[in-house]
J.: 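Handing you this structure, nothing more for now.
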Amino acid sequence: MVIITYSLAGLYAVLTGIAAIAQWKEKGFQIQRCLFLLVSISMLFIMWIPNKTNVVISFVLAFVFLHVLAIIEGMKTQGRINWRHHMTRFAFHTLLTFLLIRNLL
């Protein structure tokens, strides 16, 4: 189950990074896109932290940061918060956090 949890977290990090790069190419450089990319890369490195408690805490912080970045990005691009998108993102972050806690601690 640990392999599945790490695979989901890694896939999420990679897809987030790909989305940041795609937006970067399409719309040009902006600090938010760079931060999305940095957080996704950091999530890949977080998986290699030996202390499992620090892994869970680091992932939760990364999820919070991603969520804040997504809200800011949505406000800048659409001028409003897309509640369905953010609730889905929150549900996925909650699921991943639950899996990390259950399988690592």
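The figures here come from the full heavy-atom set of this structure, side chains too, leaving out hydrogens, waters and symmetry mates.
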J.: Could you check F65, Y12, F98, F59 and say which one makes a ring pair (Phe, Tyr, Trp, His ring centres under 6.0 Å) with H93?
T.: Y12

J.: Measure the CG-CG distance between L69 and L38 for me, rounded to the nearest 0.5 Å.
T.: 10.0 Å

J.: Report yes or no: do V2 and M47 belong to one cluster of Ile/Leu/Val/Met/Phe/Trp/Tyr joined by side chain heavy-atom distances under 4.5 Å?
T.: yes

J.: Nearest 0.5 Å please: distance from the CD1 atom of I41 over to the CZ atom of F36.
T.: 13.5 Å

J.: Show the nearest heavy-atom pair for residues A20 and R33, with the distance to one decimal.
T.: CB-O, 3.7 Å

J.: If you measure from CD on Q30 to CD on Q23, what distance do you get to the nearest 0.5 Å?
T.: 8.5 Å

J.: Can you see which heavy atom on S40 is nearest to which on A13, and at what distance?
T.: CB-O, 3.1 Å

J.: Would you say that more than 12 heavy atoms from the other residues, nucleotides or ligands in this model lie under 6.0 Å from the CZ of F45, or not?
T.: no

J.: When Y6 is tested against each of L11, L104, L99, N103 for side-chain contact (heavy atoms from CB on, under 4.5 Å), which residue passes?
T.: L104

J.: Hey, any chance I101 and I49 share a hydrophobic cluster, counting ILVMFWY side chains that come within less than 4.5 Å of each other, even indirectly?
T.: yes

J.: Hydrophobic clustering (ILVMFWY, side-chain heavy atoms < 4.5 Å, transitive) - are M1 and F92 grouped together?
T.: yes

J.: Side-chain contact, heavy-atom cut-off 4.5 Å: F63 with R89?
T.: no

J.: Can a donor-acceptor pair be found, under 3.5 Å and without considering hydrogens, that links the side chain of S58 to the backbone of V55?
T.: no

J.: Start with the C-alpha gap between M43 and L66, add the side-chain angles, then the distance that decides, and say whether side chain to side chain contact (heavy atoms under 4.5 Å, CB included) holds.
T.: CA-CA 11 Å; M43 286 171 56; L66 281 174; 3.6 Å; yes

J.: Would K52 and N54 count as a side chain to side chain contact (heavy atoms under 4.5 Å, CB included) if you check the C-alpha gap in whole Å, the side-chain angles of each, and the deciding distance to 0.1 Å?
T.: CA-CA 5 Å; K52 301 307 179 190; N54 289 342; over 6 Å; no

J.: So how far is it from I72 CD1 to T77 OG1, rounded to the nearest 0.5 Å?
T.: 11.5 Å

J.: SG/C34 to CH2/W24 distance, rounded to the nearest 0.5 angstrom?
T.: 4.5 Å

J.: Quick one: CG on L100 to OG1 on T53, what's the gap to the nearest 0.5 Å?
T.: 11.5 Å

J.: Hydrophobic clusters here meaning ILVMFWY residues chained together by side-chain heavy-atom distances under 4.5 Å, can you tell me if I46 and I3 are in one?
T.: no

J.: Assigning hydrophobic clusters by single linkage (Ile, Leu, Val, Met, Phe, Trp, Tyr; side-chain heavy-atom cutoff under 4.5 Å), is L61 placed with L95?
T.: no

